[in-house]
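See below for the structure under consideration.
Computed from heavy atoms alone, side chains included, the values below leave out hydrogens, waters and symmetry copies. Fair warning: this is a prediction, and the values are worked out from it, not measured in the lab.
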Amino acid sequence: MEKLDFVCEKKDKIINILMNKGFSYNNACKILRNKDVRIDGQKINDNLIIEKGNQISVFFNEKKLKEKTFDIIYQDDNIIVLNKPCGIEVEGENSVASLLHCFAVHRLDRNTSGLLVLAKNEDAKIELEKAFKERLLTKKYLAEVVGLANFDGEIKSAYLKKDETKSIVKIFNKKVENSVKIQTIFKTIKSSKFSSIVECTLITGKTHQIRAHLAFLGFPIIGDGKYGKNIDNKKFKAKYQRLHSYYLKFSGLKGVLSYLNNKEFINYPYFYNKDKKN
């Protein structure tokens, strides 16, 4: 067991103080939950506000702090905005929500990366779920697709039908039985003869909408094992689909989260170099 002793330099909640000392958010929660934090000699396990000048002692076993570390973009007492990596679910066992002990309020596919919002309490959960349901938050994605795409920011409409037996969706030009209308705004940001970066803005938000819609239009996302082609994915040496939730803007929020209105977050993916021109 290792020990870290220091004096609180600024009045703040203990979780924030521990994060400023290099602990990840989920590891700070674990340490606190295990009562391994002492303030002036007293054990605590709540996220208390610590006064400037208080003596803090933290006990931890570095080898046991194996929980996944997340890239936290923003957090306060109500929400966390993080950059979700590929390869992890939003909900379920060993998911982002379970590891951070927060509430999931919207979804990203397991192999889609990017900005994800989590609620820290019930009030925030209710407000955020309502906001996402009513499309009060603007979400934009960046995708790298196969081929020379030439989208100019127009709305593309189609019809989506779930195939539950194969866990996929199918896209049609016209309405078919049990299909729903989808709309997505596609805009080409940069392109070459091999691949293009496309900004995708959801108007509707259905399962696999961006992935299936782009593939239907002839531009599958690189690395997409479900709607893309294996030959393309191998050529680009893509382990995960190159789809990233890069832009999020809060609007229309009420109650405890109204202070977030007009707040924007931008997080670019590794496959997009905004400074490089084609």
Seminar exercise, completed: Shortest non-hydrogen pair, I80 vs C102, comes out as CD1-SG, 3.8 Å
Exercise. Does N173 reach the side chain of F216, with side-chain heavy atoms less than 4.5 Å apart?
Worked result: yes
Problem set entry | Heavy-atom closest pair, residues N61 and M1 | N-SD, 3.8 Å
Exercise. If only atom types and distance count, is the side chain of N83 paired as donor or acceptor with the main-chain N or O of D71 below 3.5 Å?
Worked result: no
Exercise. For the ring pair Y159 and F172, is the centre-to-centre distance below 6.0 Å?
Worked result: no
For this session: Identify whether the distance between the nearest side-chain nitrogen and carboxylate oxygen of D77 and K13 falls below 4.0 Å.
Result: yes
Exercise. Near E264 CD, under 6.0 Å, is it more than 12 heavy atoms from other residues, nucleotides or ligands?
Worked result: yes
Seminar exercise, completed: The single option from H208, H213, Q241, R211 that satisfies side chain to side chain donor-acceptor pair (under 3.5 Å) with Y227 is H208
Exercise. Any Lys/Arg nitrogen of E154 or K156 sitting under 4.0 Å from an Asp/Glu carboxylate oxygen of the other?
Worked result: yes
For this session: Write down the atom of L136, the atom of G252, and the distance for their closest heavy-atom approach.
Result: CD1-O, 3.4 Å
For this session: State, to 0.1 Å, how close I222 and A238 come at their nearest heavy-atom pair, and which atoms those are.
Result: CG2-CB, 3.6 Å
Problem set entry | Straight-line distance of I79 CD1 to L257 CG, nearest 0.5 Å | 7.0 Å
For this session: From the options T184, L217, V145, select the one residue that forms a side-chain contact (heavy atoms from CB on, under 4.5 Å) with F151.
Result: L217
Problem set entry | From OG (S57) to CD (Q42), nearest 0.5 Å | 11.5 Å
For this session: On the 0 to 90° scale, with breaks at 30° and 60°, tag the H106-F132 ring pair as parallel, tilted or perpendicular.
Result: parallel
For this session: Before accepting this row, confirm whether a basic side-chain N of the pair K161/E177 lies closer than 4.0 Å to the acidic partner's carboxylate O.
Result: no
For this session: Identify the two heavy atoms, one from D109 and one from K84, that lie closest to each other, and give their separation to 0.1 Å.
Result: O-NZ, 3.4 Å
Exercise. Do any N or O atoms from the side chain of N34 and from the backbone of I31 form a donor-acceptor pair under 3.5 angstrom?
Worked result: no
Problem set entry | Lys NZ or Arg CZ of K263 over Y74 ring: under 6.0 Å, within 45° | yes
Exercise. In terms of heavy-atom contacts, does CD of E9 have more than 12 from other residues, nucleotides or ligands at under 6.0 Å?
Worked result: no
Exercise. Which distance, rounded to the nearest 0.5 Å, do you find between the CD of E144 and the CG of D224?
Worked result: 13.0 Å
Exercise. Same cluster or not: are Y247 and I197 linked, directly or through other Ile, Leu, Val, Met, Phe, Trp or Tyr residues, by side-chain heavy atoms under 4.5 angstrom apart?
Worked result: yes
Exercise. With a cut-off of under 6.0 Å to the ring centre and 45° to the axis, is K21 in cation-pi contact with F6?
Worked result: yes
Exercise. Okay, side chain of D232, backbone of K235: is any donor-acceptor separation there less than 3.5 Å?
Worked result: no
Exercise. Is there a donor-acceptor pair closer than 3.5 Å between any side-chain N or O of S113 and the backbone N or O of P85?
Worked result: no
For this session: Answer yes or no: is there a donor N or O on one side and an acceptor on the other, between the side chain of N261 and the main chain of L253, under 3.5 Å?
Result: yes
For this session: Determine whether the side chains of N121 and N78 contain a donor N or O and an acceptor N or O closer than 3.5 Å.
Result: yes
For this session: Look up atom CG in L116 and atom CD1 in I88, then write down how far apart they are to the nearest 0.5 Å.
Result: 10.0 Å
Exercise. Any donor-acceptor pair under 3.5 Å linking the side chain of K226 with the backbone of S167?
Worked result: yes
For this session: Walk me through it: do K133 and E129 pass the test salt bridge (Lys or Arg N to Asp or Glu O under 4.0 Å)?
Result: CA-CA 6 Å; K133 184 177 181 180; E129 285 180 337; over 6 Å; no
For this session: Answer yes or no: are there more than 12 heavy-atom neighbours, outside K170 itself, under 6.0 Å from its atom NZ?
Result: no
For this session: Check the pair K181, T204 against side chain to side chain contact (heavy atoms under 4.5 Å, CB included), reporting the backbone distance first and the verdict last.
Result: CA-CA 8 Å; K181 187 176 183 178; T204 56; over 6 Å; no
For this session: Check whether L115 and L108 end up in the same hydrophobic cluster, where Ile, Leu, Val, Met, Phe, Trp and Tyr are linked by side-chain heavy atoms less than 4.5 Å apart.
Result: no
Exercise. Any link between V146 and Y240 through a network of hydrophobic side chains (Ile, Leu, Val, Met, Phe, Trp, Tyr) touching at under 4.5 Å?
Worked result: no
Problem set entry | ILVMFWY network linking Y259 to V256, side-chain heavy atoms under 4.5 angstrom | yes
Exercise. Salt-bridged, E199 to K187, with N to O below 4.0 Å?
Worked result: no
Exercise. Would you say the ring centroid of Y246 lies under 6.0 angstrom from that of F265?
Worked result: no
Exercise. For the side chain of S192 and the backbone of F194, is there at least one donor-acceptor N/O pair under 3.5 Å apart?
Worked result: yes
Problem set entry | Backbone N/O of F271 and side chain of H244: donor-acceptor pair under 3.5 Å | no
Seminar exercise, completed: Rounded to the nearest 0.5 angstrom, the CD-CZ distance for E127 and F250 is 12.0 Å
Exercise. Atom OG of S95 and atom CZ of R110: how far apart are they, to the nearest 0.5 Å?
Worked result: 10.5 Å
Exercise. Sub-3.5 Å donor-acceptor pair from the side chain of D40 to the main-chain atoms of Q55, do we have one?
Worked result: yes
For this session: State yes or no: do V169 and I221 share one hydrophobic cluster built from I, L, V, M, F, W and Y residues joined by side-chain heavy-atom distances below 4.5 Å, directly or via other members?
Result: yes
Exercise. Is the NZ atom of K175 crowded by more than 12 outside heavy atoms at less than 6.0 Å?
Worked result: yes
For this session: With I56 as reference, evaluate I44, I14, D5 under the side-chain contact (heavy atoms from CB on, under 4.5 Å) test and give the passing residue.
Result: I14
Problem set entry | Main-chain N/O of L48 paired to D46 side chain as donor or acceptor, under 3.5 Å | no
Exercise. What are the two closest non-hydrogen atoms of A149 and S196, and how far apart are they?
Worked result: N-OG, 2.9 Å
